[in-house]
Amino acid sequence: MSSTVENVVIIGTGCAGLTAAIYSARASLNPLVLEGPLPGGQLTTTSEVENFPGFPHGVDGYQLTQNMREQATRFGTRFEQALVTSVDFTTMPRKLVVAERTILARTVIIATGASPRMTGIPGEKELYGGKGVTTCATCDGAFYRKMEVAVIGGGDSAAEEALFLTRFASKVYLIHRRDSLRASKIMADRATSHEKIVPVWDSVPVEVLGVKEGSVSGLKVKNLKTHAETVLPVKGVFIAIGHIPNTGPFAPPLAVDEGGYFKPQPGSQVQTNLPGIYVAGDCSDHVYRQAITAAGMGCAAAIEAERWLAEHHG
Ligand code: NAP
C-alpha cells in the first residue's frame, strides 16, 4: 500500500471528472484522476457538439474533452489509467483498490458516468457514433433535418427524444415492444398525438441496415404479434431504452436510488451519504444528462471537496 495520501482522487474522465480536475487543480489540490475504460466519457462517442456554450460553430466531442484534459493538466492534474475494483470507505483516509495497489484519499469525487443500454442487434455497434446510430437526440437530432428517423423505446426518454426530433426530422417512428408507452401520461399523449410521430407498436428492432455503406440506410423491425418484418427507410436510429449508471464497487456503501443512480443527500447535488465523498455527472443524474450539467456538477463537487479539506486538514 502506498503511504502517500492524496487530497482528492477523481474517478472518471468525462465532462464531470475533467471539470472537477480543473477546479481542484486550480485550487492547488494536486488531484489524481483515475481514467477508466472510456477516456473522455460519452461525449467522445458523439461527433459534433453544438450545444456546449462557448462554441458558436460547434465542437467535436472528442476535441472538447481533449481541451478539458489539457486545461486540467496545465494546472497540475495527474492522470492514471486504473480501474477501481473495490473500496474501503469505513476508514479515513479512504481506500481505493486499483490493479496492484491501494490509493489513499482524503476526498473522492466519483464521476463514472452511465452507459446507454443498447439493443445488441446487428449493425447497431458498427454504425454507432457519427454513422447514424446514436443515444442522444439533444446532441445529434439537428443532423437529421427533413429525414426520417426511428426512436427505440417506450419510456419518458423515448417520448422526449421523439418529440425533440420532430423539430428536425420529417417523420419519427417510435418503436416500442408493447402496445402502450411506459412514459408518463402527459409525455405519452404528447408523443402519440404528434403529427410527425408514427408509433410502431408491439415491435422490436431486428437489424440496422447500412453497415457496408458506413451509414444507416434503414431499420428492420419485427412485429411480435404477427412476426412480420418491415424495413423502415430511416437515416437515424435513436436508442432510448434506458441507461445503466456506472456505480461499480461504490454502491453500497454509497446510497443509490431505485434506478441504481447515486443518490446525493437532500439539498445537495453532489454530497453523498459519506463525508468527503462526492458524485457528479451521469452516474447520479438521470434527468438532464448533458455535458454542461455534468461539468457543472463536477465544478460543484470540486468546490465541496476543497471546502471539506480546508475545514478538516487546514
Ligand atoms: P425507462 O423508463 O426504463 O424506459 C425504458 C424503455 O425501454 C421501456 O419502455 C422499455 O420497455 C424499453 N426497453 C428496455 N429494454 C429494451 C430492449 N432490450 N428492447 C426494446 N425496448 C426495451 O428508461 P428512460 O425512458 O430512460 O427513463 C429513465 C428514468 O428517467 C425514468 O424514471 C423516467 O421517468 C425518467 N425520465 C424523465 C424525464 C422527464 O420527466 N422529462 C425524461 C427522461 C427520463 P417496457 O416499457 O416494455 O419495459
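Below, all heavy atoms of this structure are taken into account, side chains as well, without hydrogens, waters or symmetry copies. For the single chain, residues carry numbers from 1 onward in sequence order. Counting starts at 1 for both ligands and their atoms, following the listed order. What you are looking at is a predicted structure, and each value in this text was computed from that prediction instead of being measured.
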What atoms of ligand 1 come within less than 4.0 Å of a heavy atom belonging to Gly154?
6 (C), 7 (O), 8 (C), 9 (O)

Whether over 12 other heavy atoms sit under 6.0 Å from Phe262 CZ:
yes

Might you point out which heavy atoms bring Lys196 and Ala169 nearest each other, and give the distance in Å?
NZ-O, 2.9 Å

Side chains of Glu124 and Thr119: is there a donor and an acceptor less than 3.5 Å apart?
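Result is yes, a qualifying pair exists.
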
We want to know whether Thr107 and Asn7 form a side-chain donor-acceptor pair, criterion being a heavy-atom distance below 3.5 angstrom.
no

I'd like to know if [X] pairs up with [Y] as an ion pair, taking the criterion as any Lys NZ or Arg NE/NH1/NH2 lying under 4.0 Å from an Asp or Glu carboxylate oxygen.
{"X": "Glu195", "Y": "Lys171", "answer": "no"}
{"X": "Arg78", "Y": "Glu6", "answer": "yes"}
{"X": "Asp282", "Y": "Arg289", "answer": "no"}

Is Ser215 reaching over with its side chain to a backbone N or O of Gly132, donor-acceptor style, under 3.5 angstrom?
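Checking the backbone N and O of Gly132 against the side chain of Ser215, no donor-acceptor pair under 3.5 Å is found.
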
For [X], is at least one N or O under 3.5 Å away from an N or O on ligand 1?
{"X": "Arg117", "value": "no"}
{"X": "Gly155", "value": "yes"}
{"X": "Gly153", "value": "no"}
{"X": "Asp156", "value": "yes"}

Nearest neighbour of [atom] from the list [options], on a heavy-atom basis:
{"atom": "atom 47 (O) of ligand 1", "options": "Glu161, Arg178, Met118", "value": "Arg178"}
{"atom": "atom 27 (O) of ligand 1", "options": "Ser180, Pro116, Ala183, Ser157", "value": "Ser157"}
{"atom": "atom 17 (C) of ligand 1", "options": "Arg182, Arg177, Arg289", "value": "Arg177"}

Any protein heavy atom at under 4.0 Å, with atom 31 (C) of ligand 1 as the reference point?
no

Answer yes or no for atom 15 (N) of ligand 1: protein heavy atom present at a distance under 4.0 Å?
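Yes, at least one protein heavy atom sits under 4.0 Å from atom 15 (N) of ligand 1.
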
Once you measure the plane-to-plane angle for Phe52 and Phe55, does it fall in the parallel (<30°), tilted (30-60°) or perpendicular (>60°) bin?
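If you compare the ring of Phe52 with that of Phe55, the planes turn out tilted.
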
Tell me which protein heavy atom sits closest to [atom], plus the residue, atom name and distance to 0.1 Å.
{"atom": "atom 23 (O) of ligand 1", "result": "Gly242 CA, 3.8 Å"}
{"atom": "atom 29 (C) of ligand 1", "result": "His286 ND1, 4.0 Å"}
{"atom": "atom 7 (O) of ligand 1", "result": "Ile241 CA, 3.3 Å"}
{"atom": "atom 41 (N) of ligand 1", "result": "Glu160 OE2, 2.8 Å"}

Arg26 to Phe75, cation-pi by 6.0 Å centre distance and 45° axis angle
yes

Assess Met187 for proximity to ligand 1: is some non-hydrogen atom of it under 4.0 Å away?
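False for this residue.
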
